[in-house]
Peer 1: 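Take this structure first; my questions come after.
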Amino acid sequence: MRPAPPPVDASDPVTVQRYKAWQRTMHDQVRAYGDPDVATVAGFDVQYGGQGEPAVAAAVVLSYPDSEIVDETVVSDRPGTPYRPGLLALRELPLLLALAETLETLPDVVFCDGHGVGHPRGFGLACHLGLALDLPVVGIAKNPPYRDGIPEPGPGRGDTADIAPAADWDECPAGPVIGRSVRTRDSTKPVYVSAGHKISLDKSVELVLGTATRFRQPEPIRAADRLARAERKKLSE
DNA sequence: GCGACAG
DNA sequence: ATCTTGTCGC
């Protein structure tokens, strides 16, 4: 049995510190390896409205590698805590777990926005989600996990560069390679991939490049993004 | 007070 | 993430 997350009040530094210590501990439960057979990949995404408005989470399950729609679902609820760097799961995990429960059939792999083990304490949103669902999850972020020293991959689609932990991440139990910058389109800003759970970094990158052919973002993520946007628009009118 | 590090 | 027009480029 794994330790439950400590209750955390985002405005109370003491409980936040406890939660961070728990994250560091939980990294040991993560399996940043594995080579699952993949017939379906799901993209999960959350969209937010203004104050008081509900957040909308969408999941789209696509066949792999041909990207046919297998299933899609939406759920909406009040947002979790406000966003804070390093604590994204506090904001999005509740909604994403509710979302997963609405799927008819679980996918072989889940893609979510944000980081996996490429996180200051080695336990980003994709890790939280992977352990909670006991599914392979890949973290795909549009921005790097820290500012300075992120290696730039070559300019062509498919070029990659390994990311090491930040020099000041004393508490990070992951590494020496925590993720990879991946160029999914020629001369376009890379995406930042890290393993969340039950899948290796190599396999994660293979799947990202296999699903992001024409656009920067992988197709499952784009599909979920579109669906959540559409649903949010529908709710706001 | 400034700067900042997923979304 | 969201607020938002025009604008650069394929």
Side-chain angles (χ1 to χ4, degrees), chain A residues 10 16 19-20 23-24 27 30 43-59 76-97 99 110-130 137-151 155-157 163-172 174 178-182 184-197 201 204 208 213-218 221-222 224-233 235-236:
Chain A
V16 168
Y19 181 77
K20 288 183 175 180
Q23 286 184 313
R24 200 174 43 223
H27 176 264
V30 172
F44 283 19
D45 187 43
V46 185
Q47 295 284 327
Y48 299 90
Q51 279 288 276
E53 263 144 82
V56 175
S76 70
D77 200 351
R78 296 187 51 181
T81 66
Y83 169 74
R84 297 185 55 183
L87 304 176
L88 180 60
L90 292 179
R91 181 162 172 77
E92 301 202 339
L93 190 63
L95 210 49
L96 294 181
L97 292 181
L99 181 68
V110 173
F111 284 179
C112 73
D113 289 330
H115 299 302
V117 298
H119 172 275
R121 292 163 296 281
F123 199 67
L125 175 64
C127 301
H128 281 78
L129 190 61
V137 177
V138 179
I140 302 161
K142 295 179 289 299
N143 292 291
Y146 53 92
R147 186 51 118 47
D148 298 317
I150 297 295
R157 173 184 143 77
I163 301 174
D168 60 346
W169 281 6
D170 300 329
E171 300 179 308
C172 183
I178 61 169
R180 204 165 281 161
S181 307
V182 179
T184 53
R185 283 195 70 177
D186 287 351
S187 306
T188 294
K189 180 179 174 178
V191 295
Y192 305 90
V193 178
S194 59
H197 188 48
L201 179 57
S204 297
V208 166
T213 51
R214 169 135 204 254
F215 301 97
R216 179 184 178 226
Q217 293 276 94
I221 294 282
R222 296 188 69 238
D225 186 287
R226 278 196 307 268
L227 179 56
R229 278 200 142 79
E231 182 66 15
R232 187 166 76 83
K233 183 177 181 181
L235 287 180
S236 69

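Remember, predicted model here, so these are calculated numbers, not experimental data. Numbered from 1 within each chain, the chains take letters A, B, ... in sequence-line order.
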Peer 1: A:E53 has an atom CD; how far is it from atom C1' of C:dC3, in whole Å?
Peer 2: 13 Å
Peer 1: Report, one pair per line, the protein and nucleotides 8-10 of chain C atoms (nitrogen or oxygen only) whose separation is under 3.5 Å.
Peer 2:
none

Peer 1: Of all residues at least two apart in sequence or in a different chain, which pass the ring-ring contact (aromatic ring centres under 6.0 Å, His included) check with A:F123?
Peer 2: A:W22, A:H128
Peer 1: Show each protein N/O and nucleotides 2-5 of chain B N/O combination with a separation under 3.5 Å, one pair to a line.
Peer 2:
from	atom 1	to	atom 2	distance (Å)
B:dC5	OP2	A:R147	NE	3.3

Peer 1: What integer number of Å spans the P atoms of B:dG1 and C:dT4?
Peer 2: 28 Å
Peer 1: Using the C1' atom on both, measure B:dA4 against C:dA1 and round to a whole Å.
Peer 2: 16 Å
Peer 1: Rounding to the closest angstrom, what is the interatomic distance between B:dC2 and C:dC3 at atom C1'?
Peer 2: 24 Å
Peer 1: Less than 4.0 angstrom between a side-chain N/O of A:K142 and OP1 or OP2 of B:dA6, yes or no?
Peer 2: no
Peer 1: In the structure I gave you, are the side-chain heavy atoms of A:I163 and A:P151 within less than 4.5 Å of one another anywhere?
Peer 2: yes
Peer 1: Counting only heavy atoms not in A:K233, do more than 12 fall under 6.0 Å of its NZ?
Peer 2: no
Peer 1: Hey, are the side chains of A:V137 and A:F44 touching, using non-hydrogen atoms and a 4.5 Å cut-off?
Peer 2: no
Peer 1: How long is the line joining CD1 of A:I163 and P of B:dA6, in whole Å?
Peer 2: 13 Å
Peer 1: What is the distance from CZ of A:F44 to C1' of C:dA1, rounded to the nearest Å?
Peer 2: 19 Å
Peer 1: Considering only heavy atoms from C-beta outward, does the side chain of A:E92 approach that of A:L125 to under 4.5 Å?
Peer 2: yes
Peer 1: So A:P120 and A:D168, do their side chains get closer than 4.5 Å, heavy atoms only?
Peer 2: no
Peer 1: My validator wants the stems of DNA chain B: runs of 3 or more consecutive Watson-Crick or G-U pairs, both distances under 3.5 Å, written as range with range.
Peer 2: none
Peer 1: Counting just side-chain N and O atoms, does A:R84 come under 4.0 Å of either OP1 or OP2 of C:dA1?
Peer 2: no
Peer 1: For the pair A:T81 and A:L87, evaluate side chain to side chain contact (heavy atoms under 4.5 Å, CB included) and give the outcome as yes or no after the intermediate values.
Peer 2: CA-CA 9 Å; A:T81 66; A:L87 304 176; over 6 Å; no
Peer 1: Mind checking whether A:S194 and A:I178 have side chains closer than 4.5 Å, heavy atoms only?
Peer 2: no
Peer 1: In Å, rounded to the nearest 0.5 Å, how long is the span from CZ of A:R180 to CG of A:L201?
Peer 2: 4.0 Å
Peer 1: Find the distance A:L96:CG to C:dA1:P and express it as a whole number of Å.
Peer 2: 14 Å
Peer 1: Main chain of A:P190, side chain of A:R216: is a donor-acceptor contact present, judged purely on distance under 3.5 Å?
Peer 2: yes
Peer 1: Give one of base, sugar-phosphate or nothing for A:R185, where a contact means two heavy atoms less than 4.0 Å apart.
Peer 2: nothing
Peer 1: Using whole Å, what does the distance between atom P of nucleotide C:dA1 and atom CG of A:D45 come to?
Peer 2: 7 Å
Peer 1: Between atom CD in A:E231 and atom P in C:dA1, what is the gap in whole Å?
Peer 2: 18 Å
Peer 1: Under 4.0 Å, counting only non-hydrogen atoms across every strand here, what does A:L93 touch: a base, just sugar-phosphate, or nothing?
Peer 2: nothing
Peer 1: Write down the distance between NZ (A:K20) and C1' (B:dA6), rounded to a whole number of angstrom.
Peer 2: 14 Å
Peer 1: For residues A:K20 and A:E171, determine if any side-chain heavy atom of one lies less than 4.5 Å from a side-chain heavy atom of the other.
Peer 2: no
Peer 1: Determine whether A:V16 and A:R84 make a side-chain contact, defined as any pair of heavy atoms from C-beta on separated by less than 4.5 Å.
Peer 2: yes
Peer 1: Quickly work out the A:K233 NZ to C:dT2 C1' distance and round it to whole Å.
Peer 2: 16 Å
Peer 1: Would a distance-only check, ignoring hydrogens and angles, find a side-chain to backbone donor-acceptor pair under 3.5 Å from A:D45 to A:A58?
Peer 2: no
Peer 1: What does the 5'-to-3' dot-bracket notation of DNA chain C look like when only Watson-Crick and G-U wobble pairs under 3.5 Å count, and pairs to other strands show as |?
Peer 2: ..........
Peer 1: When you compare the side chain of A:D113 with that of A:K142, does any pair of heavy atoms fall below 4.5 Å?
Peer 2: yes
Peer 1: Can you list the residues that meet the ring-ring contact (aromatic ring centres under 6.0 Å, His included) rule with A:Y48, with sequence neighbours excluded?
Peer 2: none
